[in-house]
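Just below is one structure, and these are the notes that go with it.
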Amino acid sequence: MTTPDAVPLSGPRFQTDPARLYREMRRDHGSVVPVLLDGDIPAWLVLGYRELHQVTGDPVLFSRDSDLWNQWENIPADWPLLPMIGRKQPSILYTVGERHRQRAAMVSNALEAVDPFEMRGHAERFADELIDALCAEGEADLIAQYAMQLPVRVLARLYGFSDEEGPALVTALNDMIDGRERALAGQAHLAGSMARLVAERRKEPADDVVSRMLADDSGFSDEEIVQDLMVMMAAGHQPTADWIGNSLRLMLTDDRFAASLFGGRNSVAEAMNEVLWEDTPTQNVAGRWAARDTRLGGRAVRAGDLLLLGLQGANSDPQVRTHASELTGGNNAHFSFGHGEHRCPFPAQEVAEVIARTGIEVVLDRLPDIDLAVPADSLTRRPSPWLRGLTRLPVRFSPVPAR
């Protein structure tokens, strides 16, 4: 399936100007783009809104079963994307059919039982602790010192981890998600931590997400639950951290959101929703595999071909976004949480939204005169085609005492 004009899914443009890059890809290749992953492994990037809807809505033709991949013989054991595109992974990501529906129900039920007031209380407490650690300085990096710390601390508490285990989990998750030389080590740390927690809760259940998953009567093994917890932690932490960072960047650099810096609350929700349309944390997702030869967006897709879900590209598809410059308002028809039976479960979306919104509101409440400390055009993103987030968000503010 390799084509001579395939686009490498790497390079600085995913960091500097992905919107223009997706427009050029669509102009040159249409809605389904031939791309190359690390090691020149071929795949298709689905950028069309309608095509992405078709792929995510047909789990039989476009399967989540990675065993179908026709490139496994070309994948080395140390391939850095293996944590994202695994083989024989007994997790919810790679199961299909009725077994997947049972697993999705187990995860959803365990998260749905989380008390939203208790969760918001945890988020506020951890957010206040993080602000307490920096508020007297008058300056901070809201990515490293705040956004990258908050979601995993809340999630770890909900799952059943101790607060002390949070920082190491942050490091492991970031290493794993970045897909570089420390990816496999990060994955190993996360797996070991989850396995220990599951073993502890198997002996002594508590009121937490892990215990509720273990109590499910669908007969999943401890290994399967460990894998699902790793997926939940990775999917819940980094995109939520980037949602906080990207929303704060928008509110600090766009005059339309200035009111929210002085106590307005509607603008927070508007900024968060606009980020999901225009600057979504999860840009591209791997993936789906064609169960048989087919055609998609005018392309001949062969059985076993890998299709990557171009969430940001689809969100900005001019076929559905005819007025791209207009505010999206309350329109939630974006792909930022996926679509179809493998979409992010609704309770997980609610968890992410509570953590992100609470995190943003605590910043605005505690640091009311906050301002960007560097020119807006000097802010940089992580060099990843998968997740879009800031490397730093330097701010200044009037020093205030810790609570």
Side-chain angles (χ1 to χ4, degrees), residues 12-27 31 33 45-53 56 142-143 147 238-261 264 266-285 308-339 343-344 349 352-353 355-357 359-360 363-364 372 375-393:
R13 296 191 65 196
F14 286 100
Q15 183 179 11
T16 56
D17 194 1
R20 178 180 291 183
L21 179 58
Y22 297 137
R23 284 197 300 272
E24 292 176 4
M25 284 185 182
R26 185 179 283 111
R27 178 196 68 202
S31 57
V33 181
L45 177 63
V46 184
L47 293 181
Y49 190 97
R50 291 181 178 87
E51 289 78 9
L52 193 56
H53 200 277
T56 52
L142 288 184
I143 300 302
Q238 186 68 64
T240 306
D242 290 337
W243 198 6
I244 294 170
N246 293 357
S247 298
L248 285 169
R249 181 206 65 81
L250 179 63
M251 299 181 78
L252 290 168
T253 59
D254 193 315
D255 290 341
R256 292 173 299 143
F257 296 101
S260 61
L261 299 178
N266 289 340
S267 292
V268 174
E270 290 167 5
M272 290 173 64
N273 194 56
E274 180 163 333
V275 162
L276 293 181
W277 274 104
E278 308 288 356
D279 196 26
T280 189
T282 306
Q283 296 269 306
N284 300 297
V285 174
L308 308 175
L309 311 182
L311 307 185
Q312 183 60 65
N315 284 348
S316 56
D317 186 342
Q319 296 290 325
V320 294
R321 292 287 303 283
T322 53
H323 303 289
S325 61
E326 292 185 4
L327 260 176
T328 49
N331 185 344
N332 295 313
H334 52 70
F335 271 106
S336 293
F337 291 113
H339 172 70
R343 71 180 181 273
C344 179
Q349 297 179 32
E353 185 169 0
I355 295 172
R357 181 160 183 163
I360 295 166
V363 168
L364 303 183
L372 202 58
D377 60 8
S378 72
L379 296 173
T380 59
R381 310 288 185 145
R382 291 193 310 277
S384 170
W386 310 103
L387 294 172
R388 181 160 170 82
L390 293 161
T391 56
R392 297 175 65 244
L393 186 60

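Computed from heavy atoms alone, side chains included, the values below leave out hydrogens, waters and symmetry copies.
Going from atom CZ of Arg26 over to atom CG of Leu45 covers 9.5 Å, rounded to the nearest 0.5 Å. Note that the CD1 atom of Ile360 and the CD1 atom of Ile355 stand 12.0 Å from one another [nearest 0.5 Å]. The line from CG of Leu47 to CG of Asn315 is 11.0 Å long, rounded to the nearest 0.5 Å. Considering CG of Leu252 and CG of Leu142, their distance stands at 7.5 Å, rounded to 0.5 Å.
Of the possible donor and acceptor atoms, none in the side chain of Gln283 sits under 3.5 Å from a partner among the backbone N and O of Pro385. A donor-acceptor pair is defined here as one N or O able to donate and one able to accept, closer than 3.5 Å; no such pair exists between the side chain of Trp243 and the backbone of Pro281. The backbone N or O of Gly313 lies less than 3.5 Å from a partner atom in the side chain of Ser316, making a donor-acceptor pair. Judged by distance alone, with hydrogens and angles left aside, the side-chain atoms of Arg249 form no donor-acceptor pair with the main-chain N or O of Leu390 at under 3.5 Å. Using a distance-only test at 3.5 Å, with no hydrogens or angles considered, no donor-acceptor pair links the side chain of Arg388 to the main chain of Thr282.
When every heavy atom of Ile244 is checked against every heavy atom of Ala356, the shortest pair comes out as CG1-CA, 3.6 Å. Pro375 and Leu372 make their closest contact through C-CD2, 4.4 Å (heavy atoms, listed as atom of the first residue, atom of the second, distance). Considering all non-hydrogen atoms of both residues, Leu387 and Ser384 come closest at N-OG, 3.3 Å. Between Ile143 and Gly245, the closest heavy-atom pair is CD1-CA, 3.9 Å.
Remark: Ser31 engages Glu51 in a side chain to side chain donor-acceptor pair (under 3.5 Å) (not counting sequence neighbours). Take Arg381 and apply the side chain to side chain donor-acceptor pair (under 3.5 Å) test, not counting sequence neighbours, and it matches Asn246, Asp279. Not counting sequence neighbours, the partners of Asp242 by the side chain to side chain donor-acceptor pair (under 3.5 Å) test are Gln238, Arg382. Applying the side chain to side chain contact (heavy atoms under 4.5 Å, CB included) test to Leu250 and every residue at least two apart in sequence or in another chain returns Asp254, Arg256, Phe257, Ala271, Glu274, Val275. For Thr380, the side chain to side chain donor-acceptor pair (under 3.5 Å) partners are Thr391, not counting sequence neighbours. Scanning for side chain to side chain contact (heavy atoms under 4.5 Å, CB included) contacts around Arg392 gives Asp141, Pro394, with sequence neighbours left out. The side chain to side chain contact (heavy atoms under 4.5 Å, CB included) check on Arg27 picks up Glu24, with sequence neighbours excluded.
No side-chain heavy atom of Leu52 sits less than 4.5 Å from a side-chain heavy atom of Asp317.
Judged by distance alone, the side chains of Tyr22 and Asn284 do bring a donor and an acceptor atom under 3.5 Å apart.
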